[in-house]
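Notes follow the structure.
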2 protein chains.
Amino acid sequence: MPTTPIAQHMNLRVKTLPGLREQVAERLRMAIVTGHFKPGERLIERELCDRMGVSRTSLREALRELQADGLITLKPNKGMSVSVLTVETTRSIYEVRRMLEGLAARLFAKRATPEQMQALRESVDELAEVYRNFSPEAFIRVKGQFYDILLLGAGNEVAADMLRRIHTRVSQLRVVSLSSEERAQRSIKELRAFCDALEARDEDLAWELCLDHVEKAATAALSSIAESQPQD
Amino acid sequence: MPTTPIAQHMNLRVKTLPGLREQVAERLRMAIVTGHFKPGERLIERELCDRMGVSRTSLREALRELQADGLITLKPNKGMSVSVLTVETTRSIYEVRRMLEGLAARLFAKRATPEQMQALRESVDELAEVYRNFSPEAFIRVKGQFYDILLLGAGNEVAADMLRRIHTRVSQLRVVSLSSEERAQRSIKELRAFCDALEARDEDLAWELCLDHVEKAATAALSSIAESQPQD
DNA sequence: TATTGTATTTTTGTATGGCAAAAAACAAGG
DNA sequence: CCTTGTTTTTTGCCATACAAAAATACAATA
């Protein structure tokens, strides 16, 4: 005879497919990248449990995931805190990202189907559209779409995973990449050239363009850190 | 007034510095890479708890870590199992490893101190010594040393982390790289050439040599999978 | 008042036990 | 042998507990 469970949890979601733990991890991820939790901020387990309405068990497991992603840092017997991106770490991240995105570009040029090429080009068009009528949300969405297509066409899940983690990590910085008009135009032009190289199956060129692009992003990110932390 | 605790757990280690959970994770990692747990094998939580003498709480958190490392795979409501390396995944891993090790080589050539260069060369000498009087354990140890020096000198912790995870993952394959005499000699020669390039600060050459080396390793690994899984 | 030392409260790390729901194992009937 | 129904396992999550570490508050002394 089963005891009456009574709904031991009221604010339980409709039990959507992904496990509760994954939902928690995702919500925390979002909270961090959207700046709701600031870098260096300490995360008290009980507090988070209350705020999110889950048990410590689930919460702590979710925290392990974020820890593995490098998004939060554990100091033994002191607890979790949101990782702070030092200049050093950021440089490291972009060095890695440069190589992996370059790899993805190369692989896409080599393996992508014509449909994927087409899809990529269309997402660039969408991006151009977003630039004409800017909104941060749309920008994030379309840019994410672009990357998803690129990574799918590259056909390397391992690289895709790592790049996705890297993207989440650096999105903490919220580098306000270009609101200026000409910067946007140039960006789109670069992306179209990138697509051209891919469609021409010109691996080397695609690689080169990609490296340059990440290089610029790195510079922007690093200067964004520098100005937020005047360490002179 | 504190209640009598009585030692709620007898087989508790001497509480060495790394937390219990990390110990568990490490033990499981080892069990997997040493082949004690076979690929595809299912891991039952209760069983592992009993075998390792820890609670489900700690065990499950440790499992999350391994999951993030890609070492074990979770199927919802079905539990954990040791990840199986498909040909596809292995190719992906080596593509990534090629780029990241190449990067490490480049960075080492650019940044390593003369002492680190020296240390690297000495570890190659040690490796040559091991070849003369072979033992698997010594081989693993010295090779690990070599990589540690390389990654330290490269000064990129992010890349280092990823490469360490990759090494763990592929060590599951246990590619019996060379027992033959001339293969060993050639390997040492290649490593010395690599050191030469690094000491000459010749980034491009170091990169090139590194890519070639990983390429060979990839071929070996892939053929090792092919023969263990005759999929015709 | 500043400082140092002690007591109190928080918070982590880990353990236990419990239960619903999914999956697997098993048994019975076609 | 296949299918269907029943029992056992196992997962996913929750609540609670408590020692040990850390943070904090507090008191006493210089």
Side-chain angles (χ1 to χ4, degrees), chain A residues 1-28 37 40-68 72-83, chain B residues 1-28 37 40-68 72-83:
Chain A
M1 58 177 76
T3 65
T4 62
I6 299 189
Q8 58 189 27
H9 212 75
M10 254 33 194
N11 53 347
L12 186 58
R13 307 270 161 270
V14 200
K15 193 79 171 186
T16 61
L17 298 128
L20 184 58
R21 182 188 61 261
E22 293 187 38
Q23 285 179 50
V24 172
E26 192 53 30
R27 279 216 275 161
L28 287 176
F37 292 128
E41 181 172 346
R42 192 165 158 214
L43 302 174
I44 287 101
E45 296 181 358
R46 255 286 285 310
E47 238 174 63
L48 294 180
C49 290
D50 293 349
R51 190 174 329 280
M52 319 203 29
V54 296
S55 72
R56 260 180 88 201
T57 312
S58 302
L59 180 83
R60 282 176 61 94
E61 284 185 34
L63 289 180
R64 295 284 155 248
E65 276 184 43
L66 301 210
Q67 188 191 358
I72 63 182
T73 304
L74 170 68
K75 267 175 291 188
N77 290 329
K78 251 217 73 180
M80 298 292 200
S81 57
V82 179
S83 301
Chain B
M1 60 178 77
T3 65
T4 62
I6 298 190
Q8 60 187 28
H9 211 74
M10 254 34 195
N11 53 346
L12 186 58
R13 307 271 161 270
V14 199
K15 194 76 167 189
T16 61
L17 298 129
L20 184 59
R21 181 189 62 260
E22 293 188 38
Q23 286 179 50
V24 172
E26 192 53 31
R27 280 216 273 161
L28 286 177
F37 292 128
E41 181 172 346
R42 191 163 159 218
L43 302 174
I44 287 101
E45 295 181 358
R46 257 284 286 311
E47 239 175 62
L48 294 180
C49 290
D50 293 349
R51 193 176 324 284
M52 316 201 35
V54 297
S55 71
R56 258 181 90 199
T57 313
S58 304
L59 181 84
R60 282 175 62 96
E61 284 186 35
L63 288 181
R64 294 288 155 242
E65 276 184 43
L66 301 209
Q67 188 191 357
I72 64 182
T73 303
L74 170 68
K75 266 175 294 186
N77 291 328
K78 252 215 73 181
M80 299 290 199
S81 56
V82 179
S83 301

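Below, read A as the first sequence line, B as the second, and so on, with proteins coming before strands; counting in each chain starts at 1.
With rounding to whole Å, N77(B) atom CG is found 16 Å from dA20(C) atom P. Going from atom CG of L48(A) over to atom P of dC14(D) covers 14 Å, rounded to whole Å. With rounding to whole Å, K78(A) atom NZ is found 18 Å from dT10(C) atom P. Whole-Å rounding puts the L20(A) CG to dA20(C) C1' distance at 14 Å. What separates CZ of R42(A) from C1' of dA23(D) is a distance of 8 Å, to the nearest Å. Nucleotide dT11(D) holds its P atom 10 Å from the CZ atom of R46(B), rounded to whole Å. We find that CG of L59(B) is positioned 13 Å from C1' of dT10(D), with the value rounded to whole Å. Rounded to a whole Å, the CD atom of E47(A) is 7 Å from the P atom of dT11(C).
To the nearest 0.5 angstrom, R27(A) atom CZ is 10.5 Å from L48(A) atom CG. Rounded to the nearest 0.5 angstrom, S55(B) OG and E45(B) CD are separated by 11.0 Å.
R60(B) is listed as a side-chain neighbour of R64(B), based on a closest heavy-atom distance under 4.5 Å. For the pair E61(A) and L63(B), the minimum side-chain heavy-atom distance is 4.5 Å or more. L28(A) places a side-chain heavy atom less than 4.5 Å from the side chain of M52(A).
Contact annotation for L43(B): backbone-only contact, meaning every heavy-atom pair under 4.0 Å involves sugar-phosphate atoms and none involves a base.
Between R21(B) and dT14(C) there is a side-chain polar atom (N or O) within less than 4.0 angstrom of OP1 or OP2. An OP1 or OP2 oxygen of dT16(C) is reached within less than 4.0 angstrom by no side-chain nitrogen or oxygen of T57(B). Between S58(B) and dA15(C) there is a side-chain polar atom (N or O) within less than 4.0 angstrom of OP1 or OP2. Phosphate contact (OP1/OP2 of dA22(C), side-chain N/O of K75(B), threshold under 4.0 Å): absent.
In this model, a side-chain donor or acceptor of R56(A) finds a partner on the base of dG13(C) within 3.5 Å.
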